[in-house]
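Down below is the structure, laid out as structure tokens.
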Amino acid sequence: MNIGISTGCFYPQKTDEALIRAGEIGAEYVEIFFNTHSELEEEYVYKLKNILDKYNMKAISIHPYTSAIETFMFFSMDNYKLKDSISLYEKYFKACNILDCKYVVIHGCFNDKKYMDMKTYCDNLNELSKKAREYDVYISQENVFKYKCGYENNIREFIKYADKDIKFTFDIKQTVKSRQSIYKILEHTKDRISHLHISDYIGRTHSLIPFCGKFNYDRFFKYIKDNTTAQAAIVEVYSSAIKNDYQLVEAINKLKKYK
């Protein structure tokens with residue numbers, strides 16, 4: 001199990017600055033959270049690659065800044081939007097090739113019946129995945145609160161209709177927010193999980209730095225290793241939870257016992 005951190009922890013810092021910060025705290029693996037379109041320009045992406053090389057870090061995945069509008073890009077009923085949106089996401093796939101990482105995390109469609117059923121959702125998602133595979137990249141669906149795949153009933157449909165090449169990013173805090181069972185979602189997605197977003201919680205208070213709450217990591221990682229395909233665990237918390245970077249260093253070092 002590769003242990004790392006998301007640059008999203010440092011939002012709203014610019015992505016290159018956040019990546020340097022991850023390197024300075026000793027992270028070996030990262031998820032790179034893009035903040036804006038200009039960061040997808042080739043010159044900037046190569047700048048990020050140079051930072052990775054300087055700090056001897058490996059990018060596991062990237063997270064699009066457009067995740068908040070994916071509902072209207074890929075999951076509206078207007079087919080021309082789907083084609084244009086897939087073309088736009090080729091920029092992320094090209095960035096993955098430069099950064100030598102394999103996964104593009106998506107949120108997907110809002111969990112609202114007015115948009116589309118899960119069969120149609122997966123049909124559109126499959127089209128995006130086909131384009132990603134042309135770049136040797138995988139789409140990784142995240143279980144995000146307010147979105148369809150944040151909920152067990154929809155995940156069962158996702159498993160049924162989504163192409164086998166489409167992976168899954170499991171996020172602890174999102175499961176807490178959507179009030180779903182962590183282990184039921186893991187059971188459904190165990191053969192698809194690419195990586196994990198790690199945080200802690202106490203009751204309904206989520207997005208705590210690992211080991212600052214009451215989550216049972218021993219049980220969790222035993223289940224992950226025994227039952228799933230997950231290869232990396234990435235610390236992802238909101239910046240408001242971070243008092244100082246030493247907390248992150250300490251959390252990453254503690255998580256390394258589960259490597």
Side-chain angles (χ1 to χ4, degrees), residues 6-8 11-12 15 31-40 61-96 103-135 137-163 165-180 185 188-189 192-195 197 206-207 236 238:
S6 169
T7 63
Y11 182 82
T15 299
E31 178 171 286
I32 298 176
F33 197 116
F34 284 91
N35 294 328
T36 187
H37 192 69
S38 63
E39 294 180 346
L40 288 170
S61 53
I62 67 171
H63 194 300
Y65 73 93
T66 43
S67 58
I69 59 170
E70 285 170 348
T71 298
F72 312 107
M73 296 172 67
F74 299 106
F75 307 110
S76 76
M77 303 307 287
D78 301 315
N79 286 334
Y80 78 92
K81 280 188 181 180
L82 175 61
K83 182 178 179 181
D84 286 353
S85 299
I86 290 173
S87 179
L88 176 65
Y89 267 49
E90 286 189 76
K91 283 224 168 191
Y92 293 114
F93 306 151
K94 291 174 182 177
C96 280
Y103 304 108
V104 174
V105 178
I106 71 157
H107 288 186
C109 181
F110 289 141
N111 188 38
D112 192 313
K113 291 180 180 178
K114 71 181 181 182
Y115 292 109
M116 58 179 55
D117 60 48
M118 284 302 294
K119 174 62 167 62
T120 310
Y121 173 89
C122 290
D123 286 345
N124 287 11
L125 191 62
N126 291 341
E127 291 301 311
L128 178 62
S129 176
K130 287 174 186 175
K131 180 58 67 175
R133 295 303 296 130
E134 290 179 16
Y135 290 86
V137 171
Y138 294 90
I139 297 299
S140 191
Q141 170 73 63
E142 187 178 4
N143 59 308
V144 181
F145 173 66
K146 291 187 179 181
Y147 291 78
K148 285 187 179 294
C149 283
Y151 298 87
E152 185 189 354
N153 61 322
N154 291 330
I155 289 172
R156 286 197 297 265
E157 296 289 287
F158 166 81
I159 297 302
K160 180 178 179 180
Y161 295 119
D163 286 348
D165 275 348
I166 299 175
K167 307 301 181 182
F168 199 86
T169 300
F170 178 80
D171 189 304
I172 293 173
K173 67 181 173 299
Q174 296 293 346
T175 314
V176 175
K177 290 172 72 175
S178 57
R179 302 194 176 194
Q180 301 294 290
I185 291 181
H188 291 306
T189 59
R192 290 183 182 254
I193 298 176
S194 57
H195 61 294
H197 284 169
H206 56 78
S207 192
E236 187 188 80
Y238 302 133

Ignoring hydrogens and angles, state whether a donor on the side chain of [X] or [Y] is under 3.5 Å from an acceptor on the partner side chain.
| X | Y | result |
| --- | --- | --- |
| Asn126 | Ser129 | no |
| Thr15 | Thr7 | no |
| His195 | Glu31 | yes |
| Tyr147 | Gln141 | no |

At what distance, to the nearest 0.5 angstrom, does [atom1] of [X] lie from [atom2] of [Y]?
| X | Y | atom1 | atom2 | value |
| --- | --- | --- | --- | --- |
| Lys81 | Ile86 | NZ | CD1 | 14.0 Å |
| Leu88 | Phe93 | CG | CZ | 9.5 Å |
| Lys167 | Ser61 | NZ | OG | 14.0 Å |
| Gln180 | Gln174 | CD | CD | 11.5 Å |
| Cys149 | His188 | SG | NE2 | 11.5 Å |
| Phe74 | Ile106 | CZ | CD1 | 7.0 Å |

Tell me whether the rings of [X] and [Y] are parallel (<30°), tilted (30 to 60°) or perpendicular (>60°).
| X | Y | result |
| --- | --- | --- |
| His107 | His63 | perpendicular |
| Tyr151 | Phe145 | tilted |
| Tyr115 | Phe72 | perpendicular |

Tell me the closest heavy-atom pair linking [X] and [Y], and the distance in Å.
| X | Y | answer |
| --- | --- | --- |
| Tyr92 | Ile62 | O-CD1, 3.4 Å |
| Asp163 | Arg192 | O-NH1, 2.8 Å |
| Val137 | Cys96 | CG2-CB, 3.7 Å |
| Asn154 | Met118 | O-CE, 3.3 Å |
| Ser6 | Phe33 | OG-CB, 4.4 Å |
| Phe110 | Ala68 | CZ-O, 4.1 Å |

Is it the case that the side chain of [X] and the backbone of [Y] share a donor-acceptor pair, with hydrogens and angles ignored and the cut-off at 3.5 Å?
| X | Y | result |
| --- | --- | --- |
| Glu39 | Phe34 | no |
| Thr175 | Asp171 | yes |
| Thr189 | Phe168 | no |
| Lys173 | Glu236 | yes |

Non-hydrogen side-chain atoms of Phe158 and Leu125 separated by less than 4.5 Å: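 With C-beta onward as the side chain, the pair touches.
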Does Lys94 form a salt bridge (Lys or Arg N to Asp or Glu O under 4.0 Å) with Glu90? I'd like the steps, not just the answer. CA-CA 6 Å; Lys94 291 174 182 177; Glu90 286 189 76; 5.3 Å; no
Val104, Val105, Asn143 screened by side-chain contact (heavy atoms from CB on, under 4.5 Å) with Thr169, the one that passes: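 Exactly one pass, corresponding to Val105.
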Verify side-chain contact (heavy atoms from CB on, under 4.5 Å) between Tyr161 and Ile166, making sure each step is shown before the conclusion. CA-CA 10 Å; Tyr161 295 119; Ile166 299 175; over 6 Å; no
Test side-chain contact (heavy atoms from CB on, under 4.5 Å) applied to Phe75 and Lys148, step by step: CA-CA 11 Å; Phe75 307 110; Lys148 285 187 179 294; over 6 Å; no
Are any of the side-chain nitrogens in Lys130 or Glu134 under 4.0 Å away from the carboxylate oxygens of its partner?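 Result for this pair is no, no salt bridge flagged.
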Report, as yes or no, whether the 6.0 Å neighbourhood of atom OH on Tyr11 holds more than 12 heavy atoms from other residues, nucleotides or ligands. no
Start with the C-alpha gap between Lys160 and Glu157, add the side-chain angles, then the distance that decides, and say whether salt bridge (Lys or Arg N to Asp or Glu O under 4.0 Å) holds. CA-CA 5 Å; Lys160 180 178 179 180; Glu157 296 289 287; 5.0 Å; no
Decide side-chain contact (heavy atoms from CB on, under 4.5 Å) for Lys119 and Asp123; before the verdict, give the C-alpha distance in whole Å, the side-chain angles of both, and the deciding distance to 0.1 Å. CA-CA 6 Å; Lys119 174 62 167 62; Asp123 286 345; 3.1 Å; yes
Applying salt bridge (charged side-chain N to carboxylate O under 4.0 Å, His left out), can you list everything that pairs with Asp165, at least two apart in sequence or on another chain? Arg133
